[in-house]
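A short write-up of the structure that comes next.
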Amino acid sequence: MSEGSKNDVQTLSVRRELKKRLQYPGSHAGEGIEHRYLLPRDQSGQSDEILVRTGAENPQRMTCALQSRSENNAGRNSSFPSFVGDNKTGNNHGRFSFFLRYGLVYHIRYEPRRSKFILVSMSGGRLRMTAPWTYIKDLPSREGADVTVRGWLYNMRSSGKIHFLQLRDGTGTVQGVMVKKEVSEEDFSAAKSLWLEASVEVTGTVRKDDRAPSGVELSVASVSVIQNPADEYPIGKKDHGIDFLLDNRHLWLRSSRQQAIMRIRERVIWSAREFLHNDGYLLVDSPIISGAAGEGVSGLFEIDYFDSKAYLAQTGQLYAEAAAAAFGRVYCFGPTFRAEKSKTRRHLTEFWMLEPEVAFFDHKDNMDLQERLICHIVSSVLEHCGNELAALERDVSKLENIKAPFYHLQYGEAIEMLKKLGSDTLYGEDLGNDDETILTQQFDRPVFIECYPKSVKAFYMKEHPENQDLVLCDDLLAPEGYGEIIGGSQREDSYERLVARIREQGLPEEPYDWYLDLRRYGTFVHSGFGMGIERVVAWIAGLQHIREAIPWPRTIYRLKP
RNA sequence: UCCUCGGUAGCUCAAUCGGCAGAGCGGGUGGCUGUUAACCACUAGGUUCGAGGUUCGAGUCCUCGCCGAGGAGCCA
């Protein structure tokens, strides 16, 4: 490996130049494409050239030839005249590798959409053509094949003459079985000295084995160590405390549990956007830096904005309302910030919120949309994240039960119910965290709490037509004690009443002049809501704490990593 | 800001009424050809968060401080 590290230095210095040179196009429409690439000069001042030709009938079939002009590479041309790859039938994903001097291997890939070749990577140290590597998730379908896996060693067990290398590469895990008499003495002893989370390239044969979770194992032929850590890996195999794990969040993400959570998070976001896109919603993002407060100044992060003050967005809603007047059905999705000094399992100072806003939707249409969105997200996670839910030991039956219709409670009914359950929250007060927990434990599906008192809700919510003390809003509480995941409302569309509400709450009018314009110029019935991504993820994944639902949690005392 | 709990080996945690500072994992050495957080033997590893106090004696009790967690309030 000392040989490799020497080359790595050289790699860095030539990489930049090579990338530059790989940019000239030279394509000829209709016929095959021919590219010539000059490679960096060697010590003698000569340059090599790569000649790449693509077939006219199939641009992805190509031949590559190294034409050497330099003396110390002249012999290579004959021993390495060309390399033919086929992206359709081959398993190399269109990547081609050239061995060149310095012991470097250049990996070049054809990019069909740009009709050009791009430099994928360079590696050094081994005098061979590197096979493109295989992702662990694909191994079950490659039984019997000789493959190379690149990844990290997350655990190792040894029985003297046999090593069990537990490998992960982000797509899955596989056990590499290394038998002493089947590999070189160097590889066997090198493997024994590996520490956890060493980065390795393992070559071997995919072999069926009923004992393996994925059904296959890798019979190791050779191990190439990319880096063996200098120190012991901080996160061990036994339990750790939450504080330690959060301090090591950058490493904690490698664990199978965190990987499962992040995949579920991605599925939640993906499925939500898929649902909205397919339903005709346009993504119109809102600014993160804003001169005006969204829902009152108390929980805002203030920043210096040149010579004036600005705030980090608490919500994109006001902007979404403006966009709804332009595009009808819109949503925004991005990080939002709350400077509350909350220290609970449901709060972060930075969290992601999905905020649809719909023209000509009333309170009821709004709740219907929320219900359909949540159902779609849950069923999508169930469909695509079975392995992840299993890894988290989530009770899937609880999620399979999430189907329309959800329960509905009027605020007054909720207070009555809470009184019977022992809460001392009075009519007119907002529901506390305990109240939400108690309430959601009564239901096996999400429950809407509708029409809260005006006094505890934001100024932009529309008054209830039959009771001026209430507003047309809804909180959607997730079951199993998780509580509020969505807050929504029909918006006040009357200019006069909106101005009155702003004054009632003692807010300055000037920052809202543009917002009031929406009621001056073609006002319209409209509704929307905000869904907290991390809370939805925490609920679906069954997490104890919201901070596991975001890659880099920001809480009051945690800015690092 | 308030309430509650906690801080002991690299990590997770014990330590009875105030009486010799302990275990597992991780590290080191040796053993083991089917291990699944492998196992077995041996071994190294400590300013018990800090300052002060009570006591023959403090990880343990008292005071103050620092740090963290859970909860309240507020919210998604």
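All values below were derived from every heavy atom in this structure, side-chain atoms included, with hydrogens, water molecules and symmetry-related copies excluded. Here the structure is a predicted model, which is why all the values come from computation and not from measurement. Below, read A as the first sequence line, B as the second, and so on, with proteins coming before strands; counting in each chain starts at 1.
- Rounded to the nearest Å, the gap between the C1' atom of B:C11 and that of B:C56 is 37 Å.
- Using a 30° and 60° split on the angle between ring planes, A:Tyr515 and A:Phe459 fall in the perpendicular class, above 60°.
- For B:C32, the base is anti relative to its sugar; the glycosidic angle deviates from 0 by more than 90°.
- Between A:Tyr427 and A:Tyr411, the angle of the ring planes goes over 60°, which puts this pair in the perpendicular group of the 30/60° scheme.
- Each of B:U35, B:A76, B:U33 was ranked by its minimum atom distance to the side chain of A:Val179; first place goes to B:U33.
- For A:His464, the ring-ring contact (aromatic ring centres under 6.0 Å, His included) criterion is met by no residue, not counting sequence neighbours.
- Across all strands, A:Phe164 comes closer than 4.0 Å to base atoms (heavy-atom distances).
- Nucleotides B:G19 and B:C3 are separated by 31 Å at their P atoms, to the nearest Å.
- Comparing B:G57 with B:C61, their C1' atoms are spaced 13 Å from each other, to the whole Å.
- Note on A:Asn433: a side-chain N or O is less than 4.0 Å away from OP1 or OP2 of B:A72.
- Annotation: B:G31 and B:G22 have their C1' atoms spaced 27 Å apart (nearest Å).
- A:Arg257 comes within 4.0 angstrom of nothing in the nucleic acid, heavy atoms only.
- Going from the P atom of B:G59 to that of B:U54 covers 16 Å, rounded to whole Å.
- Of the side-chain N and O atoms in A:Arg346, none sit less than 4.0 angstrom from OP1 or OP2 of B:C75.
- With the nearest nucleotide of RNA chain B identified for both A:Ile546 and A:Val177, A:Val177 has the one nearer the 5' end.
- Aromatic rings from A:Phe333 and A:Trp352 are positioned such that their centres are separated by under 6.0 Å.
- Residue contacts shown for A:Lys180 are absent, as no nucleic acid heavy atom lies under 4.0 Å away.
- Searching all strands for a Watson-Crick or G-U wobble partner of B:U60 with both distances below 3.5 Å returns nothing.
- Distance check on atom C1': B:A76 versus B:C39 gives 49 Å, rounded to whole Å.
- Side-chain contact check for A:Leu476 versus A:Ile374: some heavy-atom pair is nearer than 4.5 Å.
- A search for ring-ring contact (aromatic ring centres under 6.0 Å, His included) contacts involving A:Phe337 returns nothing, not counting sequence neighbours.
- Contact annotation: the side chain of A:Ile415 never approaches that of A:Leu426 to less than 4.5 Å [non-hydrogen atoms, C-beta and beyond].
- A donor-acceptor contact under 3.5 Å is not formed by the side chain of A:His240 with the base of B:C11.
- Within the structure, a side-chain polar atom (N or O) of A:His545 is placed less than 4.0 Å from OP1 or OP2 of B:G70.
- For A:Phe361 and A:His526, the ring centers are positioned 6.0 Å apart or more.
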| remark: In B/S/- notation (B base, S sugar-phosphate only, - none; protein heavy atoms under 4.0 Å), nucleotides 22-32 of chain B written 5' to 3' is --SSS-----B

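- Regarding contacts with the backbone of B:G70, a side-chain N or O of A:Arg547 is found under 4.0 angstrom from either OP1 or OP2.
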